[in-house]
A.B. asks: 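Provided herewith is a single structure, encoded as structure tokens, for subsequent inquiry.
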Number of protein chains: 2
Amino acid sequence: MDQKESGGRRGRPRSFDEQEVLQQVQEAFWKGGFEGTSIEDLTSATGLNRPSLYGAFGDKHALYIQTLRQYREATLARGRKILDEAPTLRTGLEDVYRAAIRIYSGHEEGRGCFVSSTAPPEALHDAAVRRELAATNDGLDAMFEARIARAQADGEACTDLPPSEAARIATAVLHSLSVRARAGASRRALHALAQSAVNLIAWTPGEGAADAAEDA
Amino acid sequence: MDQKESGGRRGRPRSFDEQEVLQQVQEAFWKGGFEGTSIEDLTSATGLNRPSLYGAFGDKHALYIQTLRQYREATLARGRKILDEAPTLRTGLEDVYRAAIRIYSGHEEGRGCFVSSTAPPEALHDAAVRRELAATNDGLDAMFEARIARAQADGEACTDLPPSEAARIATAVLHSLSVRARAGASRRALHALAQSAVNLIAWTPGEGAADAAEDA
DNA sequence: CTAATATTGTAACGATGGGTATGAAAATGC
DNA sequence: GCATTTTCATACCCATCGTTACAATATTAG
């Protein structure tokens with residue numbers, strides 16, 4: 001947290017915390033998208049002026065890429081932690097989806113996922129954004145796959161789809177929760193979708209899936 | 001197709017077909033998103049000049065809303081037709097996903113779904129766009145639900161989730177195919193996701209889902 | 001304290017954004 | 001043919017866009 005490292009950098013020090021500013025920038029892009037957010041939006045969101053933003057992070061595009069990366073790393077870390085600490089695949093999925101819905105439905109109207117709500121329009125003509133979007137999807141797939149593989153190895157209740165395939169379904173549900181949240185869907189509707197997905201993936205062979213849905 | 005109706009409208013007739021122009025406008029928005037597409041992009045995509053566009057369709061926002069509506073109606077009509085004509089739920093889902101992937105992966109890089117790739121960034125601060133996005137999601141849910149309900153009534157192979165819930169999963173897979181296509185995923189990867197989803201939803205109780213996946 | 005270095009605030013740059021005024025052109029009604 | 005009505009083409013309007021000079025300020029090295 002302290003910028004006085006060995007030697008110390010010469011010249012006037014920055015008057016802001018870069019991580020915090022990046023978070024505020026992400027918030028602004030989250031609301032307006034990349035093209036829909038102007039530099040002035042960013043300056044008023046961060047309290048910084050233009051030269052400070054450019055000096056610390058580069059131009060608007062570089063700034064956006066950095067927020068995409070930061071969001072992915074933070075999101076994957078949180079998701080992995082939730083899944084790892086959950087006693088079963090079922091509760092792990094439930095907890096991940098619950099956390100996602102809380103984020104996607106937060107603030108004014110539904111915000112959805114930062115990456116999948118703002119990156120797609122740019123991804124078609126911007127290879128760097130496309131790579132970030134792909135990396136986020138791949139990361140989510142791998143995150144779910146690891147937990148599903150563990151569940152199958154432990155003999156937990158689980159679909160007999162290969163872990164890689166079931167994981168992609170789990171990610172697909174996140175994609176849909178994001179789009180639906182952005183469309184204004186209620187938290188109740190989002191939770192219902194999530195629970196249906198859990199009942200398909202963390203499926204209990206003996207009992208029917210419909211039974212498992214009742215104790216939600 | 002002929003504009004000479006009873007009485008005929010006075011004044012100089014339009015030199016373009018409105019449906020065709022709307023299609024070209026949609027193409028432009030599909031590539032660049034709403035904020036990322038300028039009026040000049042639209043004029044060069046349609047061959048019309050600005051006053052003609054404004055006179056026939058209104059401003060940029062109205063134009064975008066109309067393309068969203070047109071896309072939804074065309075997409076739902078095609079999807080319903082495919083599902084209705086399919087002999088089983090399984091083949092119906094496969095055909096719908098195949099058609100979707102062909103559209104989503106078309107042109108240069110993957111374009112994804114027009115609505116879910118371009119509407120989300122605007123939906124947060126634009127109620128009209130949000131309504132269009134929600135209507136598209138609701139339409140897809142209803143489309144799948146009708147076919148799944150019919151399959152269950154006919155005693156077809158099918159998950160025992162309620163049709164409304166299974167339908168939302170089916171729509172979720174479309175959402176994910178769109179995001180992944182936009183991220184540059186291969187057609188092969190998209191087809192694999194679709195097939196996994198079909199194996200979960202149009203599930204054959206006797207055989208395992210893993211078996212059904214092999215003949216893809 | 002002095003010199004060197006980095007950040008800050010103000011202001012401006014050229015380019016492009018969405019939207020429109022203004023006539024010329026092309027059709028119909030009498 | 002003549003008046004009327006609608007569309008088409010050129011050009012323009014002002015606002016905002018992303019980006020950057022420039023000079024003042026604040027800090028460290030010596």
Side-chain angles (χ1 to χ4, degrees), chain A residues 2-22 24-26 28-29 31-67 118 121-122 125-126 128-129, chain B residues 1-22 24-25 28-29 31-67 118 121-122 125-126 128-129:
Chain A
D2 201 352
Q3 51 200 15
K4 289 178 191 171
E5 302 190 5
S6 64
R9 302 188 322 192
R10 294 190 304 206
R12 180 174 176 174
R14 295 230 166 92
S15 66
F16 55 90
D17 176 52
E18 308 184 14
Q19 283 295 326
E20 186 183 354
V21 166
L22 215 51
Q24 293 166 324
V25 168
Q26 179 189 105
F29 279 134
K31 282 201 313 184
F34 176 69
E35 303 262 16
T37 302
S38 67
I39 303 290
E40 184 173 349
D41 291 334
L42 298 180
T43 59
S44 66
T46 59
L48 302 187
N49 41 33
R50 294 147 125 100
S52 294
L53 276 177
Y54 276 80
F57 306 101
D59 64 4
K60 185 187 176 187
H61 182 260
L63 205 35
Y64 180 56
I65 296 291
Q66 290 175 65
T67 61
T118 67
E122 322 304 321
H125 64 285
D126 185 328
V129 172
Chain B
M1 303 306 171
D2 200 351
Q3 52 200 14
K4 290 178 189 172
E5 303 187 5
S6 63
R9 302 189 321 192
R10 295 189 304 204
R12 179 174 175 176
R14 296 232 165 91
S15 66
F16 56 90
D17 176 52
E18 307 184 15
Q19 283 296 325
E20 186 183 355
V21 166
L22 215 51
Q24 294 166 324
V25 168
F29 279 134
K31 283 201 310 184
F34 176 70
E35 303 262 17
T37 302
S38 68
I39 304 290
E40 185 172 347
D41 291 334
L42 298 180
T43 59
S44 67
T46 60
L48 301 187
N49 39 33
R50 290 145 120 102
S52 295
L53 276 177
Y54 277 79
F57 306 101
D59 64 4
K60 185 187 175 187
H61 183 260
L63 205 37
Y64 180 56
I65 297 291
Q66 291 175 64
T67 61
T118 67
E122 322 305 320
H125 64 284
D126 185 327
V129 172

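Chain letters run A, B, ... following the sequence lines, proteins first, then strands; residues in each count from 1.
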A.B. asks: Determine the minimum heavy-atom distance between Leu22(B) and Thr67(B), stating which atoms define it.
C.D. replies: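 Distance-wise, the nearest heavy atoms are O-CG2, 3.8 Å.
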A.B. asks: Tell me whether the side-chain N/O atoms of Ser52(B) come closer than 4.0 Å to OP1 or OP2 in dT7(D).
C.D. replies: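 No, Ser52(B) has no side-chain N/O under 4.0 Å of OP1/OP2 on dT7(D).
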A.B. asks: Where is the tightest heavy-atom contact between His61(B) and Ala128(B), given as atom of each residue plus distance?
C.D. replies: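 Nearest pair, atom of His61(B) first, then Ala128(B): CE1-CB, 3.9 Å.
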A.B. asks: Is there side-chain contact between Glu40(B) and Arg50(B), with heavy atoms separated by less than 4.5 Å?
C.D. replies: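 The answer is yes, as the side chains (C-beta and beyond) meet within the 4.5 Å cut-off.
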A.B. asks: Do Tyr64(A) and Thr118(A) have side-chain atoms, one donor and one acceptor, less than 3.5 Å apart?
C.D. replies: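 Result is yes, a qualifying pair exists.
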A.B. asks: Within this structure, what is the CZ-to-P distance between Phe57(A) and dT19(D), rounded to whole angstrom?
C.D. replies: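 Those two atoms, CZ and P, are 15 Å apart.
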A.B. asks: Would you give a per-nucleotide map of nucleotides 12-24 of chain C, 5' to 3', where B means the base has a protein non-hydrogen atom under 4.0 Å away, S means only the sugar-phosphate does, and - means neither?
C.D. replies: -----SBBBB---
A.B. asks: State which residues pass side-chain hydrogen bond (donor to acceptor under 3.5 Å, both in side chains) with Ser38(B); sequence neighbours excluded, sorted by chain then number.
C.D. replies: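 Ser38(B) satisfies side-chain hydrogen bond (donor to acceptor under 3.5 Å, both in side chains) with Asp41(B) once adjacent residues are dropped.
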A.B. asks: Quick check: does any side chain N or O of Ser52(B) sit under 3.5 Å from a backbone N or O of Leu48(B), one acting as donor and the other as acceptor?
C.D. replies: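 Answer holds: no.
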A.B. asks: Does dG29(C) have its OP1 or OP2 closer than 4.0 Å to a side-chain nitrogen or oxygen of Arg10(B)?
C.D. replies: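 No.
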A.B. asks: Whole angstrom is fine here: how far is it from CG in Leu63(A) over to C1' in dT19(D)?
C.D. replies: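 Interatomic distance, CG of Leu63(A) to C1' of dT19(D): 14 Å.
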A.B. asks: Nearest whole Å is fine: how far is dT7(D) P from Leu48(B) CG?
C.D. replies: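 Checked: the CG to P distance equals 12 Å.
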A.B. asks: Taking five pairs at each end of the helix from dC1(C)-dG30(D) to dC30(C)-dG1(D), what angle separates the two helix axes (nearest 10°)?
C.D. replies: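 Axis angle across the helix from dC1(C)-dG30(D) to dC30(C)-dG1(D), nearest 10°: 10°.
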A.B. asks: If you define the side chain from C-beta out and look only at heavy atoms, does anything of Glu35(A) sit under 4.5 Å from Glu122(A)?
C.D. replies: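 They are in contact (side-chain heavy atoms under 4.5 Å apart), so the answer is yes.
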A.B. asks: So, Lys60(B) side chain and Tyr54(B) main chain: donor-acceptor pair closer than 3.5 Å or not?
C.D. replies: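 Such a contact is absent between Lys60(B) side chain and Tyr54(B) backbone.
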A.B. asks: Can you check whether Asn49(B) has a side-chain N or O nearer than 4.0 Å to OP1 or OP2 of dC8(D)?
C.D. replies: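 Indeed not, no polar side-chain atom of Asn49(B) lies that close.
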A.B. asks: What is the distance from CG of Leu53(A) to C1' of dT7(C), rounded to the nearest Å?
C.D. replies: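 Value for this atom pair: 13 Å.
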